[in-house]
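Heads up: the structure comes next, in structure tokens.
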Amino acid sequence: MEIAMNIIDNKIDTILVIDDEKDIRTAIKDYLELRGYRVITAKDAIEATKLLDREVFSLIISDICLQGMSGLDLLHLIKEKEIDIPLILMTGYGDMEKVMDAFKNGAYDFITKPFDMNEMFISVKNAVDKQRLKWENIQYRLHLEEMVKKRTTQLKIAYKNLEDMFLGTVRIVINTLEASDRYTKGHSERVRQYSIKLAKKLGLTSQEIRNLEIGSILHDIGKIGIDKTILHKNGPLNNDEYAIIKTHPSVGKHILEPIEFDEKIINIIYQHHERYDGQGYPSGLKRDDIFFLARLVTVVDAFDAMMSTRPYRNQLLAEKAIIEIDKNLGTQFDPEIGKNFIKLFNTDHSTMDILKHYNKDGKF
Ligand SMILES: [Fe+2]
């Protein structure tokens, strides 16, 4: 690839002429240089291979009968090294068998000695022009690939910026929603932070984490549609009120339908109150039938909810909330996700930092 670039950058094509007879080398060199080519000569294939290692040639013209390594050997070597340079062989009469062999091995053309320089020039010009066209095609393809790559990166960045802007707006909406209730202030943001930590611990992909980030922030968006007197009620909820609260996953799904979100994000919102044992709502889904990221948010959501004090429920210490999660593994929570969350809580002190911050500022 690099070679292609170099050749195209060079305006003058360089030709390597190999012949053990100095007069022939010089005659070809003089003739071709007069016609605008740069010509380098070598007396044998050994010298030629050294030149091939350090120069880029558009064409090789070589005598078929050289001392030591023959022109045919050189052709084999070029093929072996995958050097993409056309080779014209100069042959004597009676070398037809060698010529056939040379063609089989990829020789571009042959000229029979003694030859007319003008005839040789036709072959040389064709070979060099063809080679240049080949390099230009490669360069064009590379340029195209580079352009596509560049544009794809630009599009990805633009999409990510758009998504970030959207996420920023969503966070404002959620913060506004939660700010009106001192018991849930900052809840979705904390669920987002814990969920991402847990997702990283579980080795989820960046796309899954992105979906989780949006889904966890939006998981309670449906509460927008719930009567505020029920949502902020001081005291336990009666059955009817609880039934209304339980509609928030469906309301959330309904609110987001016009945005045409990824179905995975919708599933997080719609299924975050399902239970592993099938006793949850709204659909009573069980085990693996519940979307994995929704099962993850269920654990984190419940943990943060236990940490916040409702007027009718005392705030649990983080350790007690963890014991509750442990007790409900396999019933309310996916056991594997729950265990990993507990492990994260016990080993990652920054999780505790989020809690400290929350307790200090929230004063719930
Ligand atoms: Fe919820």
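Every number for a ligand or one of its atoms is a count from 1 in the order of the listing. The structure presented is a predicted model; accordingly, all values stated were derived computationally and were not measured. As a basis for the values below, the full set of heavy atoms in this structure was taken, side chains included, without hydrogen atoms, waters or symmetry mates.
- With sequence neighbours excluded, the residues forming a side chain to side chain donor-acceptor pair (under 3.5 Å) with K29 are E33, listed by chain and number.
- Here Q271 contributes atom CD and S283 contributes atom OG; the two are 7.0 Å apart, rounded to the nearest 0.5 Å.
- For the pair R190 and Y194, the cation-pi criterion (under 6.0 Å, within 45° of the ring axis) is not fulfilled.
- Distances under 2.8 Å from the Fe ion (ligand 1) pick out the protein N/O/S atoms D220 OD1, H248 NE2, H272 NE2, H273 NE2.
- Taking the six-membered ring where tryptophan is involved, the planes of Y281 and H273 are essentially parallel, since the angle between them stays under 30° and well short of 60°.
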Review point. Given F341 and F333, is the ring-ring contact (aromatic ring centres under 6.0 Å, His included) satisfied, shown in steps?
Key: CA-CA 11 Å; F341 182 75; F333 306 116; 9.0 Å; no
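- For H219 and H187, the gap between ring centers is short of 6.0 Å.
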